[in-house]
Amino acid sequence: MELKSCITDKPIEKNSEDKLKMSRYSNVLSTFIKQSDTPLTVGLQGEWGTGKTSMLYMLLEHFKSSNVATSWVNTWEYSMFRNPAETTPAILKGMLTNLKLSCESEGKWTIEEKSKDSVKKVFKFLGNVANQVISNQTGVDLKDAAAHEAAAKEQAEIAEIKKEIAIIISKLIEDTGNSYKKVVFLVDDLDRIPPEQAVEVLESLKNLFDVPNCVFILAIDYDVVVKGLESKFGKKTEENEREFRSFFDKIIQVPFSMPTGTYDMGNLLTEKLTSLSIAIPEDLNESYSNVVKYTIGFNPRSLKRYINSFSLLRSLRNSDFEEDASEFGDNAPDAEDDLILFAMIGIQISFPKIFRLITQMSDIYDWDKGFANKNNIDLEAVKIDIQKYGDNDKLDEDWEQIIYGACQNDVYLKSKVFNIIELFNYLRSKFDTRAEVLDEKIVMALKFAAITNVDDDTNVKGAIEKRGRKSIFSDIKTKIEALKQELIANGAKKEGVEIKLNTYQNVFEVLLAISENTNGKFTILGSYIKFENNIVFAKLNNPPKQTELISIELFNLSNTSYPKGLSLEKDNGNQKVFKVSKELNTEEFKAFITNNYKI
């Protein structure tokens, strides 16, 4: 089998291809339409990417096996390479043309002679229309003619053409040479043409095609209709909302909202990942489904884009490992690395503002008041706000409150704030007592997740630029500057901050030299910097605000004669925790480290 790297965003065309379990809705809806009185207009309502076209295809399959004549019209295709004046007439003409072609393909267009005159009249009428107004002497406005009392001539023209359309449909249904009992027009992609044109099409359908034996199924986004009506009613407000709704209700008798909340996204996710030869352990299937639920939600098109980004970045990460395994501590990326990469991509796609915060400090669960101040989030005001709305029990940690505060000035993020928080709580619960492992995996994932980011924020772009030796020193400078701001924001005295950060950088440079001389690496994390060769040999912790001392952890020491300025605070056997003062002699410390690790 040929390996695939990505999936295409094609709608399904058969009920048997359904992975979201939409077919139960297409079954019921198609039966309802076949048994309905006419004329009738059904509106498939849903935002971009929610599966409206797939639903149309599934309905079409049902109709093709029944006594129903069909006409499929893609409005967007009729709008391409046409100016707005020509779009609506072209769509209306296409509806009849495609009805004839569809019936001919089934060998059932049995009224060629009987309908010839009517078809010619309708086509001539529509062919002369420009900018919704017939360009010859009649001056008929397709969408407004019925609304003006003075436009008697225009109304007569519209009535005559509507009558001819009704004759065509009636002759097709009554002809004994075919088995048709009803005609269904499936109108797709109305939300891809300009909103005002979409409204024009809807009004023209109502004025011309609202005839017996016809059912219209319109795939549309209500928000598109709203935008198209703004020139008529003004911006939508609470005061005029009824006018917008009345227009929609006048056109559409049966609204059907796409049932996204019932979609089996986990099933679709598994099927698409499998098609890309990406195996997910069975015990992590639920985790992937939860990440999808908390990020992109129930939008199938968004999921496909999400999976393609994941496939690309996963391949890049694996390629980097094959090229230089030492960058990964010689540990091949595992299933948990895949999960965290998938989660970070989800955050990057769905919540770019939160992704920017994570690139600043990857140790999410250690975000504090200093980090909040740095990002202009008043943590005390956020706490008061949370208490006011009674969400204290859900948001009792600083990092949760910072996310809450970061979301308040964005309508979309405000509606998703608990999704974001629940996602990070879920990931933490998955790693339970392995917080350090989770932090490391987030750092590694961020290096790749930023690559497909469309954000122009320079801090996010820095997550890509920080890969490689050339950016090492700029990284530590960035880290030290962030520490400085956080310490001052947390109330540390400025002179004390300078002392401890000077000691911090001296220790970093010694440990960095050891790491380089042993072909090791270092990783800058939110609350510490980790140094390793074959194994972790040191951790340099963020300095606290209360004291000038900084803290380091050293592993597997053989020499217990410590240099001046290095005092043992805790002995955990192979792991020893030291306090480092400003009295530390850098050369003595370097010799001590060198001797211990046999450089």
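Two residues are said to be in side-chain contact when any heavy atoms from C-beta on lie closer than 4.5 Å; Ile514 and Phe531 fail this criterion. Proximity of Ile340 to Leu427: side-chain heavy atoms (C-beta onward) are separated by under 4.5 Å at one or more points. Looking at Met55 and Phe256, their side chains come closer than 4.5 Å, going by heavy atoms from C-beta outward. In this structure, Asn308 and Asp9 have side chains that are not in contact, with every pair of non-hydrogen atoms separated by 4.5 Å or more. Taking 4.5 Å as the limit, every side-chain heavy atom of Phe298 sits out of range of all side-chain heavy atoms of Thr262. Between Phe508 and Ile529 there is a side-chain heavy-atom pair separated by less than 4.5 Å. Ile349 is not listed as a side-chain neighbour of Thr295, based on a closest heavy-atom distance of 4.5 Å or more. Two residues are said to be in side-chain contact when any heavy atoms from C-beta on lie closer than 4.5 Å; Ile550 and Lys579 fail this criterion.
With hydrogens and angles disregarded, no donor-acceptor distance shorter than 3.5 Å links the side chain of Asp385 to the backbone of Ala381. Formation of a donor-acceptor pair under 3.5 Å by the Glu271 side chain with backbone atoms of Lys19 is not found in this model. Side-chain atoms of Lys369 do not come within 3.5 Å of backbone N or O of Leu379 as any donor-acceptor pair. Distance alone, capped at 3.5 Å, is enough to place a donor-acceptor pair between the Asn299 side chain and the Trp48 backbone. No side-chain donor-acceptor contact under 3.5 Å links Ser350 to the backbone of Ile347. Ser311 places a side-chain N or O within 3.5 Å of a backbone atom of Ser5 that can act as its donor or acceptor partner.
Here Glu397 pairs with Arg428 in a salt bridge; the nearest charged N to carboxylate O distance falls below 4.0 Å. Asp338 has a carboxylate O that lies under 4.0 Å from a charged side-chain N of Arg317, or vice versa, which qualifies the two as a salt bridge. With respect to Asp221 and Arg192, no salt bridge is recorded, no charged nitrogen being found less than 4.0 Å from a carboxylate O. In this structure, Lys441 pairs ionically with Asp334, as a charged nitrogen and a carboxylate oxygen lie closer than 4.0 Å.
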| field | ring-ring contact (aromatic ring centres under 6.0 Å, His included) between Tyr294 and Phe424, intermediate numbers included | value | CA-CA 10 Å; Tyr294 292 136; Phe424 286 116; over 10 Å; no
| task | Verify salt bridge (Lys or Arg N to Asp or Glu O under 4.0 Å) between Glu336 and Arg434, making sure each step is shown before the conclusion. | result | CA-CA 12 Å; Glu336 287 185 337; Arg434 299 178 299 140; 2.7 Å; yes
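Counting non-hydrogen atoms of other residues, nucleotides and ligands closer than 6.0 Å to NZ of Lys227 gives a total of 12 or fewer. Shown here is Lys590, whose NZ atom has no more than 12 heavy atoms of other residues, nucleotides or ligands within 6.0 Å.
With values rounded to the nearest 0.5 angstrom, Arg314 atom CZ is found 12.5 Å from Ile307 atom CD1.
Aromatic ring orientation, Tyr288 versus Phe342: tilted (interplanar angle from 30° to 60°).
Between the side chains of Glu400 and Asn425, at least one donor-acceptor pair of N or O atoms lies under 3.5 Å. Inspection of the Asn541 and Ser551 side chains reveals an N or O donor paired with an N or O acceptor under 3.5 Å. Under the 3.5 Å distance criterion, with hydrogens and angles disregarded, a donor-acceptor pair is assigned to the side chains of Ser287 and Tyr426.
When each of Leu395, Asp378, Asp398 is paired with Lys383, the side-chain contact (heavy atoms from CB on, under 4.5 Å) condition holds for Asp398 and for no other.
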